[in-house]
Structure formats: C-alpha cells, structure tokens
Amino acid sequence: MDVLEVVEPGLLTTVQDLGRYGYQRYGVPVSGAMDPFALRAANLLVGNAEGEAGLEMTLVGPKLRFLADTVIAVAGGDLGPLLDGQPVPMWSAVQVHQGSLLSFAGVRDGMRAYVALAGGIDVPRVMGSRATYTRARIGGLEGRALKAGDRLGSLLNGPARFVPRQSPELASIKYTHQHILRVVLGPQDDAFTPEGIQTFLSSKYTVTPQSDRVGYRLQGPKVQHREKADIISDGVPFGAVQIVGDGMPIILLADRGTTGGYTKIATVISADLSQLAQAAPGDEMTFKSVTPEEGHEVLRQQEALLQRIRDQAAMGATRRFRVTVDGETYEVDAEIEGVPAGAALPPSAEAYQTTIKGKSRTYRVKVQALD
Amino acid sequence: MYERARFLPCGDKALLVEFGNAISREANTRVRNMFLAVEKQGVTGVVDLVPTYRSVLVYYDPLRVSRQDLTEQLARLEQHLEEVPVEKPKVVEVPTVYGGEYGPDLGTVAQHNKLAPDEVVQVHAGTDYLVYMIGFTPGFPYLGGMSPKIATPRLKTPRTVIPAGSVGIAESQTGIYPLESPGGWQLIGRTPIKLFDPYREPPAILQPGDYVRFVRITDEEYRKTQAAVAAGTYQARTHLVE
C-alpha cells in the first residue's frame, strides 16, 4: 500500500539503505546513506531494523503528502522539517496522519536529512540492497532520484504502532560549518614528503561546489607528493582522502567507484563520516591523525548512543494477557508503559479485576498476565 | 612482488593486503588466491572484499574483530595460498563489430600507429587478454596484454556519452564500457553482449583471472546477437584455457 506521495522532490531526494556490500568485486559501488549513522538512528526511532531503506534529502528538502497514518522520524541535518506547517522535532518518533504534508523550511544546520518510515520503504532489492545508485540506474525507485508524483509504500503489514522514542542527546548535535575530521594515515602516506603530510594535517581546506555523493573536492594548501600522484588502482573505502595531481584532496564518499588510481594519504574514521556527510560547499575542514584503534573506541561510544534508542524500543515490548469480559475470555497483547522487555510487571498489573461502564451497561473485566 | 604481504590500514574499517607494487601476473594470482581463501574459509568480521591488480581491500566490522586478530588470521591464510583450490581460468568470447558507426576512432588508431584499419583489428582480436580486476564502475574489466603496436593516447576532449558495449583503447590499455557513460577512450568497436546486468547473479560475465577474446563479427551478426541478448537467450561462448 502506498504511504506517501512526492509533491515536490527537493534538490536530490533518493531512497537509501546502508549500502550494497558484496558486489564491489564486480565494480558495483556501495552507495547507501551518506550519513549512515543518521539513517540508522531514524530507523531505530520508528521501530525498524536499523538497515531499512529511508529517504535521503539534500540541502533543499521535498514536500511529501502522507496517504495513510504512519510513524516517521527525521534525523541528520536540520533542513527545517514542518508537518502541516508546524515544526517537527528531529531525532524523535512522530505520528503522522493521512493527508498530512511534510515539508522543509530551509537548511539550518548540516547538509542531508533522513526520513525513516515505519516498516521501511518498499522498493525492490537489487543485488541485496535498496540503495539508489543513480549513475548506473540501480536500486531505489527505478534507479533515480524522486520526482513529483512518485508514490512509495512501506514494508509494514498492518497499522504502524507509535512508541514515543526520542534521542535528546542526538537532537543536541550541531554540525556547524567547521569540521574537524579524524583520519588514519595511509595506505599511501609514504607517497608524500614529510612536509606534505604536515601540510595536510595542519591546514584548513574548503569544500568546493564540485562536491556530490561520489566525493568532495577540497581547496587549500597543496599537499606535496614525493613523486607521482598515481598508483596502480586499488580498492577505495568510504572516507578515503585522495591527493590528485594538483595536490588537492578529494574525499571519496558513498557513490565512489570501487577502485581508484590516485594516492590516498588518509581515510576518515567511520565515526566521523556523519560529520563529513553533513559538510556543505564553503565549509572548512581540518584533519587530525589517529590510530585505527582510537577510531574503534570513538565508534563504540557512537554505537552506545544508538543502543540507548534500542533500549527505548524495548520499553515498548508487548506482553500477553488473558482478559475475561462477562465470562468471555480473550488473549490480548498489550504494551505496559515504562516496563522494559524482560522486567517483572508491578504486582498491580499482574492480575486484577475491574468494572468498565459502557453506554448501556457495566462490564465485569478480569485481567491476568500470562508471561 | 613482495616476499611477504603488507597489511596497511585503510581507515578504521578496512585493511589493505598488498602483495606487490607493480602489475604482475604473480602478484595478481596471490590476490585471487587470498580472495578465494577468505571467501571459502570465512574470516570473522569480514564484511566485503575488493580484489585488484596487486592487493585485496578487506572491509571489516571492528565491533566484531580487532585489527590485530584480523591481521593474524589473514597472515595465516597467506602461508598457504598455493594450496587454495582455484578453478581453471576460462576464455570468454566477446563478439565485436569493428569500425564504422560502432568504432568511430578505428581510423585514428590506425593512423596513429601507421597501420591499416584491418591490421589494427587483427592485432586487437589476435590476443587473449587477462582480466586482472573488475572495478571503478559496474562490470568494468581491467585487461592486460594489449600489443604496443596499437597503443593510442586518449581523446583530447572526452565524449559525453559512450554507448554500452563500446570497445576502446587508452594508451596501452584496452577495455569495454559495460554501461553507457562519458569517457575519453578511442572507440574501435562495439559488442552487443551485456557484460553487466544488475538482475543477473553474478551480475558480471567476466571474473578476475578469466581471459577475454575479441571475435570479429559482421553488422548482421551484431543485430542477431543483440536480439538474442534482448530475448534473454544469448549464452556467452566460453572455453577453458588449454
């Protein structure tokens, strides 16, 4: 069933998940969310598995009309989300009703926002992923960016359940216009003079307008090679910083080619890819060298933030009850607010009897927890 | 080729296992064997593998395996690369129309090398090319073994659109564009077969370690093969290397 219709597509709105792994050996770019952390958080907020497909919107957000009641979350860059003209809290599950309009007032912070939809967006998997790679027209909706009139459905069976999850810690994030990115030097740091490495680690670089989902081209002090800027082509990970012939860095991103033939001085650590993806043309970047293990430590701290959202999801776990109404017995699943999955119910909720006044008569109700 | 592989960090989620610093069949064979060893035996925490000319990029999940553990596991595999069972390489025939509207730069390549267009075709179609790697864009094969007799510089101004299946030359390399894309290669012909199809498993016809043989066909054969490809009845002609 269709859940939303695109009224206006915005600058570049695509369906993305966490990327297409396992096909780089055939030259297929990974693609997926430029800010995978924000998409994962958005998914967890609406109760999805973290890797479901959501919408990535760039700088100028779309206008989306909802065709059914559902639950959404907006995360990542703050493009000024509005629901029927009223500001929508970011990094929070939000109930939306059929007919409502999600629009974006304009960018306030960052570059890319993600909208997760209860159940995840229903587009076919191509080579194991729903991510859009527009250059080869693979994945997403017909391999392209969304346009006015497109309709998208969700993979949810039945109505969306609203659980009021939110992340105030993430909502306090400000990406700003100055980015300090931690990098691991290599694998071709030996292709640069010591001065070249020093220049790279101590200078400010500006993101140029020649920046897209493939890569960001930076402008700043020239990084000096020992000899050549090219190497025998090898694999290129997300966040790899190539220094091309003119000494300028290019940071390779979600839609990068699987392999490349330029020297890579360093690679941005995975926990800082979020900050990187939220950088806009004109922003300033500086680079700080860390070890892979330092990167892993930061990654674990970042994962803990997502775990806190998952723990809220557990709050919404359901329990089974036997309910007897005037002698008729039913088994029902219900959610007990404030009780995490696996925790004991308060004795007052374990078993009780009550009466409920109906319009014409009073019902006698008996409730017994079953598990 | 190095005596022992180098294990170089590529950020905090990938490790580059490098076997040499030049293009060689020996280093490329070690790349392929390491790729197969990791694929078949499975190494904890490995997420994806990108085999190239002389290295394998190993993507890993640092929440599941430390860099040290991963390096040790890969170094153990490296000890036994000769014992990795490898399928016999195959030669894949790529039927190609040379010249005319399909290969508008055949004349340029001939002129540059002071050959007749037919001689260029004979040289180009007279060799089996090793697929060193698939990379850059979906299904793009990096081929080795082209004769220097037909080497030609790239176009001064790249074309904005090159049709899928175009066969070209850039410097001392030859290649096939699997998908429509911009590019600066000298186009000498075109194949009607689909090197890459996202809805096929595996999506690429060529595998690293295979050989490509260009087989000259006529316009009429091109149209017939094109129709068979469109109908889904085309079977690539392959045979094992003798």
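Each chain gets a letter, A, B and so on, in the order the sequences are listed, and its residues count up from 1. Please read these numbers as outputs of a predicted model, since none were measured by experiment.
The candidate with the highest count of non-hydrogen atom pairs below 4.5 Å against chain B, out of A:Ser270, A:Gly257, A:Gly235, A:Gly295, is A:Ser270. When each of A:Ile232, A:Val290, A:Ile269 is checked for heavy-atom pairs under 4.5 Å with chain B, A:Ile232 comes out on top. Note on B:Val50, B:Leu206, B:Val56: by heavy-atom pairs under 4.5 Å with chain A, the leading option is B:Val50. Interface check for chain B: of the options A:Lys264, A:Arg182, A:Glu293, the most heavy-atom pairs under 4.5 Å are formed by A:Glu293. Counting heavy-atom pairs closer than 4.5 Å to chain A, the top-ranked of the candidates B:Leu179, B:Leu15, B:Thr137 is B:Thr137.
Within the 4.5 angstrom heavy-atom criterion, no atom of A:Asp272 approaches chain B. Using a 4.5 Å cut-off between heavy atoms, B:Phe136 touches chain A through backbone and side chain atoms alike. Contact of B:Leu16 with chain A is made through the side chain alone, with heavy-atom distances under 4.5 Å. With a 4.5 Å cut-off on non-hydrogen atoms, B:Leu63 touches chain A through its side chain but not through its backbone. Residue contact with chain B, scored on non-hydrogen atoms closer than 4.5 Å, involves the backbone and the side chain of A:Val28 alike. There is no contact between A:Arg137 and chain B, counting heavy-atom distances below 4.5 Å. Looking at B:Glu201, the atoms closer than 4.5 Å to chain A (heavy atoms on both sides) all sit in the side chain, from C-beta outward. Using a 4.5 Å cut-off between heavy atoms, A:Val236 contacts chain B through its backbone alone, with no side-chain atom that close. For A:Tyr133, the part lying near chain B is the side chain, with the backbone staying farther off; criterion is any non-hydrogen pair under 4.5 Å. Only the side chain of B:Phe35 comes within contact range of chain A, judged by heavy atoms closer than 4.5 Å. Only the side chain of B:Leu57 comes within less than 4.5 Å of a heavy atom in chain A; its backbone stays farther off. Both the backbone and the side chain of B:Pro9 come within contact range of chain A, with heavy atoms under 4.5 Å apart.
In summary, B:Lys90 and B:Asp210 engage in a salt bridge, as defined by a charged side-chain N under 4.0 Å from a carboxylate O. Of the charged side-chain nitrogens involved, none lies within less than 4.0 Å of a carboxylate oxygen, so that B:Glu72 and B:Arg67 do not count as a salt-bridged pair.
Donor-acceptor pairing under 3.5 Å is lacking for the side chains of B:Thr52 and A:Asp234. Between the side chains of A:Glu50 and A:Asn43, no donor-acceptor pair of N or O atoms lies under 3.5 Å. One side chain, A:Gln16 or A:Thr14, offers a donor N or O that lies under 3.5 Å from an acceptor on the other.
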Let's go through A:Gln307 and A:Glu303 carefully: what are the C-alpha distance in whole Å and the side-chain angles of both, what is the deciding distance for side chain to side chain donor-acceptor pair (under 3.5 Å) to 0.1 Å, and is it a yes or a no? CA-CA 6 Å; A:Gln307 189 54 44; A:Glu303 290 297 313; over 6 Å; no

As a quick check of understanding, evaluate side chain to side chain donor-acceptor pair (under 3.5 Å) for B:Glu18 and B:Tyr2, giving each step before the final call. CA-CA 8 Å; B:Glu18 195 177 85; B:Tyr2 309 140; 2.6 Å; yes

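Between A:His225 and A:Thr263 there is a side-chain heavy-atom pair separated by less than 4.5 Å.
With ring centers used as reference points, B:Tyr129 lies 6.0 Å or more from B:Tyr211. Ring to ring, B:Tyr142 and B:Tyr53 are close: their centroids are under 6.0 angstrom apart.
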